[in-house]
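Read through the structure below, which is laid out as structure tokens, and then see the notes.
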Amino acid sequence: MGFDLPLFPDQASTMATRVDYLYFYLLAVSAFFTILITAMLIFFAIRYRRSRHPHAVPIEGSTKLELAWTGIPLMIAMSMFVWAANVFFAMNRPPRGALEIYAVGKQWMWKFEHVGGQREINELHVPVDRDVKLTMISQDVIHSMFFPAFRVKQDVLPNRYTTIWFRPTKVGRYHLFCAEYCGTKHSGMIGHVVVMEPAQYQVWLAGGAQGGSLTASGERLFRELACDTCHRPDTGARGPDLAGLFGKPVKFAAGGSAVADETYIRESITNPAAKVVEGYQPIMPTFQGQISEEGLLQLVAYIKSLQTQKPAEAPGAPPAAAAPPPRGTQ
Amino acid sequence: MSTAVTTAESIHRRRHYLNADYGIRSWLLTTDHKRIALLYLFSITFFFALGGLFAVLIRLELLTPAGDMMTSDTYNKVFTMHGIMMVFFFLIPSVPATLGNFLIPMMIGARDLAFPKLNLASWYLFMVGGMFAMYSVVTGGIDTGWTFYTPFSTTYSNTKVIPAALGILIAGFSSIFTGLNFIVTVHRMRAPGLTWFRLPLFVWANYAASLIMVLGTPVLAITIVLVFLERAFHIGIFDPRLGGDPILFQHLFWFYSHPAVYIMILPSMGVMSELISAFSRKRIFGYTFVAFSSVAIAVFGFLVWGHHMFVSGQSVYAAMVFSILSYLVAIPSAVKVFNWTATLYKGSVSYQTPMLYAFGFLGLFTIGGLTGLFLAALGVDVHVTDTYFVVAHFHYIMVGGVIMGYLGGLHFWWPKITGRLYPEGWAKLSALVIFLGFNLTFFPQFVLGYLGMPRRYHAYPEEFQVLNVMSSAGASILAVGYLLPLFYLLWSMRYGPEAGPNPFDARGLEWQMASPPPTHNFEQVPIVSEEAYAYHTAQEVPVAG
Ligand code: HEM
Ligand SMILES: [Cu+2]
């Protein structure tokens, strides 16, 4: 290893450039004030040193000055706030049609599952110039998914799905870190994200699939666990029909409602009693501890896919929203 | 002047608080605020040394990218204990428990604090808390990080979480009692004529910090009890497997721990005001604003805890509110820096040791404060949070700011505390070495953080090594800087020349009594008829007796 002194990280996503511009603005403002204050300190300290200026001149203060140096920094601070909030909003709004990948964090590894069923550990392959969205959950403690070259990071929580998205702009291999302290091998919970040309990516996808697509695995689980004995679209079903459920508001027996998102679906499987759907009995058993996080993700993916497969069977539901078809090995 | 002393009488022959009584019992059972301040001084010096030892181990390990000096388990315990010792047993008590305890009664013309026995009890609680924390170290250590994030701390860590948490809980009560004592003392025991707006800014700053101690610390106590309940009895509070919410912990924890940063820094800011006015022989520019800004910081500091959680999954709108509030809280701190700088204008500036520390404070605090703007900026925080950028930022504020204030204040009032002068040359050298060592240690960490090196990493990718080596080299210089005062201050206690009551020709009631002060500070209650920092009236004594 030679003398290698990097001073700036790779810029490998659309977000990286946005964050960096803001960073340069902050740096410039900071440099300006640091220099200003240091210069004034040094100048006053020398100009008014005791040997040269033995008698201090009493000065009480100055409201005008006070207002100026409160007001101007306040305005600068607000400009930082607005700009930064803007970038943050973009980070938290995954674009539609993004390539969906699922991730599970556990002490101490990252597991990824692609829609086509490809799985990988501590390595993530993605195509360049394509929006990618990760839906993430932890199997134990809090972790944090961090891609320095993309300038994005998001905590990965137990019991709740969080998402992160990025659009890689440069082919290459970049660090993936766990940024939230998670125990003994926290610093070993690292990996790489490999950004590939689309054609290469196709080759990679084709080589990696095993055991069917995510939705197919989910469907298999759905049968194996006998979910379909209650959740059937025909009459007399004891549980609500799941087709067209994803993304729709659901009313609860105890009052209130929520939009059926990934976290809601997962909770309904692991803790069905928490939110019983209006019009049904709380008879569903809990599957807590019987399905791995990967299995839950497969079920969620399957239920998400149901709306496009049989939109007509969802009574009263508006036509399936703009959910893209399962992408799998496209 | 009521408390005038004849300096002709040497320290040995005169009765003062140090020789009023002899023997270990007279110290362990004392209710004199000055002696209790010294008890704190020795204890926190001990804890600081312990925390420093852990810091050395951390920096040694990080010299090389491979985690090859100790196991990752050990490393995790080392940085956890470093954090716990430094935050709860050094930074939080540093200025208030030592300088505050020593000075507040004297500065307001009182003979002691309002509750002298409670003050002694606070020190005992502090020590008992410290013992619990040390017990957890010697019986195997704790690896949760000083932030104790759940569910790791409640379910997954199989280290000594409970004794360490208990230690912090007990030490917390010590800080609540100290805060209460200060608040009541400042309200009830000011000398006649000493109105609120004649108080030294050091008193204002400690008053504001006390408000936080009293209002915030109970939340920490509750949080720790909840962690304990979940860990010991598996009651589901934070662990989702038991039906709890892991994020709830972070809200509770930061609701205390963010304001706690102000418990640490406000008293140091108070020291700054004293030093800068004394060594430029001027009243602080915009006294009223500086006084109110301390209280404003204390109050609004309670509203920004969410800025530690921008990537935790909280809603985008909550994040926006916390971000904008963080910017608003930053403004009073920034303005204080301008006020201090402006105080030098047309002053009569001397470069004695405490002033060098004050300059050091201004430099480090400015950098620490400005990098806070990066962390409050949502879009940038996402990238730098939980990286070394944060480590650098909080060291600049907490370690740079607080310790510069603490050491500056310790040097300033050392002649008052011990009656003797320290060797000026060595003291100046130490201020310089600390400033340089500090910057070399922590500045590279900003770069490391933006490059993406996460914090709490025992091993790291090779390309980060050069910056880490720089940081470790700086740490060894810094260590020398911190050790120097230990030696020459101890030396001066015996061999330093006698200081006399007011070696810096400063204003303030504490300078109008002998050094070291007599046990009851004032023979007669002084009557105050002047503003604080009455330098412009030259030779006149601002107190009528
Ligand atoms: C020679 C001086 C010091 C060095 C080299 C040093 C270095 C470090 C390092 C490398 C970390 C670990 C960061 C991480 O792994 O995330 C750390 C954490 C910390 N340090 Fe220091 N430190 C020093 C002095 C201090 C002092 C004097 C204080 C307080 C008075 C302090 C307070 C803390 C705190 C609160 C943490 C966070 C611990 C945690 O992440 O759990 N440090 N320090
Ligand atoms: Cu992790």
Side-chain angles (χ1 to χ4, degrees), chain A residues 1 3-7 9 19 22-23 26 30 33-34 37 40-41 44-45 48-50 53-59 61 66 69-70 73-74 77 80-81 84-85 87-89 91-92 140-142 144 148 151-155 157-159 162 175 177 179-187, chain B residues 72-73 76 145 149 151-152 156 240 246 280-283 285-286 289 311-313 316 319-320 323-324 327 330-331 334-335 337-338 341 344-350 359 362 366-367 370 373-374 377-380 382-383 386 447 450-452 454 456-463 466 535-536:
Chain A
M1 199 205 97
F3 186 85
D4 176 13
L5 180 61
L7 294 175
V19 171
L22 175 57
Y23 177 69
L26 293 165
S30 303
F33 278 103
T34 311
I37 290 169
M40 286 201 328
L41 277 175
F44 290 160
Y48 300 108
R49 64 187 181 275
R50 192 159 295 168
H53 196 250
H55 297 291
V57 179
I59 301 170
E66 209 93 64
W69 71 39
T70 312
L74 188 67
M80 293 175 178
F81 164 73
V87 175
F88 187 67
F89 257 97
M91 287 176 174
N92 281 279
D140 36 52
V141 303
I142 301 176
S144 191
R151 311 287 187 276
V152 290
K153 179 187 290 126
Q154 170 64 51
D155 282 4
L157 308 171
N159 225 30
T162 52
H175 285 300
F177 292 127
E180 183 66 83
Y181 174 68
C182 59
T184 307
K185 296 212 190 82
H186 168 54
S187 62
Chain B
S72 36
D73 255 327
N76 296 343
Y149 272 19
F152 182 69
Y156 291 87
S280 46
R281 313 201 59 71
K282 262 181 81 201
R283 189 170 150 85
F285 187 92
F289 186 90
V311 298
S312 72
V316 178
M320 302 236 318
S323 168
I324 200 165
Y327 277 113
I331 298 294
V335 175
V337 172
F338 295 134
T341 308
L344 301 183
Y345 175 69
K346 295 202 172 169
S348 172
V349 183
S350 84
F359 284 134
L362 288 174
T366 303
I367 294 178
L370 285 166
L373 300 179
F374 291 63
L378 290 163
V380 170
V382 168
H383 176 59
D386 276 323
V447 183
Y450 203 74
L451 284 171
R456 298 170 176 187
Y457 263 31
H458 163 240
Y460 53 84
E462 276 194 2
E463 71 257 31
V466 174
Y535 285 99
H536 38 284

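No experiment lies behind these values; they were computed from the predicted model shown. Chain A is the first sequence line, chain B the second, and so forth, proteins listed ahead of strands; every chain is numbered from 1.
B:Y156 touches chain A through its side chain: at least one heavy atom from C-beta onward sits under 4.5 Å away, while N, CA, C and O do not. For a residue to count as touching a neighbouring chain, one of its non-hydrogen atoms must lie under 4.5 Å from one of that chain's; by this rule B:V447 touches chain A with the side chain only. Looking at A:L157, only its side chain comes within 4.5 Å of chain B, counting heavy atoms on both sides. Only the side chain of A:E66 comes within contact range of chain B, with heavy atoms under 4.5 Å apart. With a threshold of 4.5 angstrom between heavy atoms, B:F359 approaches chain A through side-chain atoms but not through N, CA, C or O. Of the two parts of B:T366, only the side chain, counted from C-beta on, holds a non-hydrogen atom closer than 4.5 Å to a non-hydrogen atom of chain A. Contact of A:N92 with chain B is made through the side chain alone, with heavy-atom distances under 4.5 Å. Contact annotation for A:M91: only side-chain heavy atoms (C-beta onward) come within less than 4.5 Å of a heavy atom of chain B.
Top candidate by heavy-atom pairs under 4.5 Å with chain B, chosen from A:A56, A:P73, A:P54, is A:A56. For the options B:A459, B:A334, B:A319, heavy-atom pairs under 4.5 Å to chain A are most numerous at B:A459.
The two atoms that bring B:L370 and A:T34 nearest to each other are CD1-OG1, 3.3 Å, heavy atoms only. Taking each heavy atom of A:P148 and B:H383 in turn, the nearest pair found is O-CE1, 3.5 Å.
Ring geometry for B:F374 versus A:Y23: interplanar angle over 60°, hence perpendicular rather than tilted (30 to 60°).
In this structure, the side chains of B:L344 and A:Y48 stay at 4.5 Å or more apart for every pair of heavy atoms. Looking at B:V337 and A:W69, their side chains never come closer than 4.5 Å, going by heavy atoms from C-beta outward. Residues B:S280 and A:F44 have side chains not in contact (no heavy-atom distance under 4.5 Å, counting atoms from C-beta outward).
Side-chain atoms of A:H55 do not come within 3.5 Å of backbone N or O of B:S348 as any donor-acceptor pair.
Taking the side chain to side chain donor-acceptor pair (under 3.5 Å) definition, one finds that B:D386 meets it with nothing, sequence neighbours left out. In this structure A:S144 satisfies the side chain to side chain contact (heavy atoms under 4.5 Å, CB included) test together with A:K153, A:D155, A:A179, A:E180, sequence neighbours excluded.
Among the candidates B:F152, B:Y457, B:Y149, the single residue satisfying the ring pair (Phe, Tyr, Trp, His ring centres under 6.0 Å) test with A:H186 is B:Y457.
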